Amino acid sequence: MIVTSAPGLRTDTVAGLDVGYRGDDEVVGVCVVFDAKTLDVLDEVVVEDTTNFPYIPGLFAFREMPVLLRALDRVTVTPDLLVADGQGLAHPRRFGLACHLGVHTGIPSIGVAKNAMGTFTQPGERRGSMSDLIMDDEVVGRALRTQDGVKPVFVSVGHKIDLDRACAEVLRLAPRYRLPETTRRADTLTKRAASSGRS
DNA sequence: GCGACAG
DNA sequence: ATCTTGTCGC
């Protein structure tokens with residue numbers, strides 16, 4: 001299954017992964033690798049592909065995994081941590097996109113979602129405040145406030161890392177905006193490709 | 001059966 | 001996710 005601990009994990013390089021859409025079957029996958037300390041972009045890859053799998057909450061990975069793996073394959077710097085745009089353990093079957101990516105690649109991974117699938121109590125208003133994300137009376141992740149007064153993001157473990165470390169990484173990756181730089185950069189690249197290459 | 005439901 | 005202008009706020 002999934003490993004939820006990370007003794008001595010080093011995260012010098014972190015990758016942001018995201019998928020953009022240009023229709024029901026045209027997808028754009030992006031993988032951006034950052035220097036975790038300076039937040040400098042070390043490498044970024046954009047790949048186009050097609051899908052026939054529809055968007056079904058809970059089966060998200062079947063739609064986005066293929067393109068993301070292709071993008072990850074072409075990156076020249078193997079990241080120490082993968083940050084997926086979606087859930088990890090915070091999933092109905094406890095196996096969201098971040099888990100698929102981690103288990104498939106063997107690289108530690110976490111999921112950072114803009115919306116929650118479980119329930120949670122509002123964390124404090126200050127950056128760094130957090131509260132448990134609950135599903136079926138089980139703690140599956142955390143609602144984390146990355147900036148004062150903004151809506152929290154939902155962090156959950158993907159593979160080979162623990163929740164505390166996952167939240168710490170997200171805070172480090174989001175020094176200024178609500179979303180971590182990894183997902184922000186991956187998202188803009190995704191949209192750039194979508195508008196410059198559409199029919 | 002009905003509603004909810006990451007991107 | 002995507003379709004979309006101007007607008008409010010730091």
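Given the structure is predicted, the values throughout are model-derived calculations rather than measurements.
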Enquirer: By the 4.0 Å heavy-atom rule, please label Y21(A) as base, sugar-phosphate, or nothing.
Expert: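 Sugar-phosphate contact only.
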
Enquirer: Please state how far atom CZ in R63(A) lies from atom P in dA6(B), giving the value in whole angstrom units.
Expert: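 Computing the R63(A):CZ to dA6(B):P distance gives 14 Å.
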
Enquirer: Taking the side chain of D187(A) as its heavy atoms from C-beta onward, which of dG7(B), dA1(C), dC5(B) lies nearest to it?
Expert: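 Selected nucleotide (nearest to the side chain): dA1(C).
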
Enquirer: Please determine whether side-chain contact (heavy atoms from CB on, under 4.5 Å) holds for the pair T13(A) and T11(A), giving the CA-CA distance in whole Å, both sets of side-chain angles, and the decisive distance to 0.1 Å.
Expert: CA-CA 6 Å; T13(A) 56; T11(A) 53; over 6 Å; no

Enquirer: Scan L97(A) against the nucleic acid and name what it touches under 4.0 Å (heavy atoms): base, sugar-phosphate only, or nothing.
Expert: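 Base contact.
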
Enquirer: Rounded to whole angstrom units, what separation is found between the CZ atom of R94(A) and the P atom of dA6(B)?
Expert: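 Distance, rounded to whole Å: 15 Å.
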
Enquirer: How many whole angstroms separate atom CZ of R93(A) from atom C1' of dC5(B)?
Expert: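 The answer, rounded to whole Å, is 11 Å.
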
Enquirer: What's the CD-P distance between E64(A) and dT2(C), to the nearest Å?
Expert: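 From E64(A) CD to dT2(C) P: 10 Å.
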
Enquirer: Expressed in angstrom and rounded to an integer, what is the separation of E26(A) atom CD from dC3(C) atom P?
Expert: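 About 12 Å, once rounded to whole Å.
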
Enquirer: Can R94(A) and E138(A) be counted as an ion pair, charged N to O under 4.0 angstrom?
Expert: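 So R94(A) pairs with E138(A) through a salt bridge.
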
Enquirer: Verify the contact: side-chain N or O of N115(A) to OP1 or OP2 of dG7(B), cut-off strictly under 4.0 Å; return yes or no.
Expert: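 Looking at the OP1 and OP2 atoms of dG7(B), one of them is under 4.0 Å from a side-chain N or O of N115(A).
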
Enquirer: Does a side-chain N or O from Y55(A) land closer than 4.0 Å to OP1 or OP2 of dA6(B), or not?
Expert: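 So the side-chain polar atoms of Y55(A) do come within 4.0 Å of the phosphate oxygens OP1 or OP2 of dA6(B), strictly under.
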
Enquirer: Measure from NZ or CZ of R184(A) to the centre of the six-membered ring of Y177(A) and say whether it is under 6.0 Å with the direction within 45° of the ring axis.
Expert: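 Yes, R184(A) lies over the aromatic ring of Y177(A).
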
Enquirer: Do NZ/NE/NH1/NH2 and the carboxylate oxygens of D18(A) and R185(A) come within less than 4.0 Å?
Expert: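 Here D18(A) does not pair with R185(A) in a salt bridge, since their nearest N and O are not under 4.0 Å apart.
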
Enquirer: For the pair made of NZ in K191(A) and P in dA1(C), what is the distance, rounded to whole Å?
Expert: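 Going from NZ in K191(A) over to P in dA1(C) covers 6 Å.
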
Enquirer: Whole Å only: how far is the CD1 atom of I110(A) from the P atom of dA6(B)?
Expert: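 I110(A) atom CD1 is separated from dA6(B) atom P by 19 Å.
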
Enquirer: Side-chain N or O of K114(A) versus OP1/OP2 of dG7(B): is the shortest distance under 4.0 Å?
Expert: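 Result: yes.
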
Enquirer: Separation of L68(A) atom CG from dA6(B) atom C1', in whole Å?
Expert: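 Taking CG of L68(A) and C1' of dA6(B), I get 13 Å after rounding.
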
Enquirer: If we only count heavy atoms from C-beta on, is the D25(A) to T51(A) side-chain gap below 4.5 Å?
Expert: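 No - every pair of side-chain heavy atoms lies 4.5 Å or more apart.
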
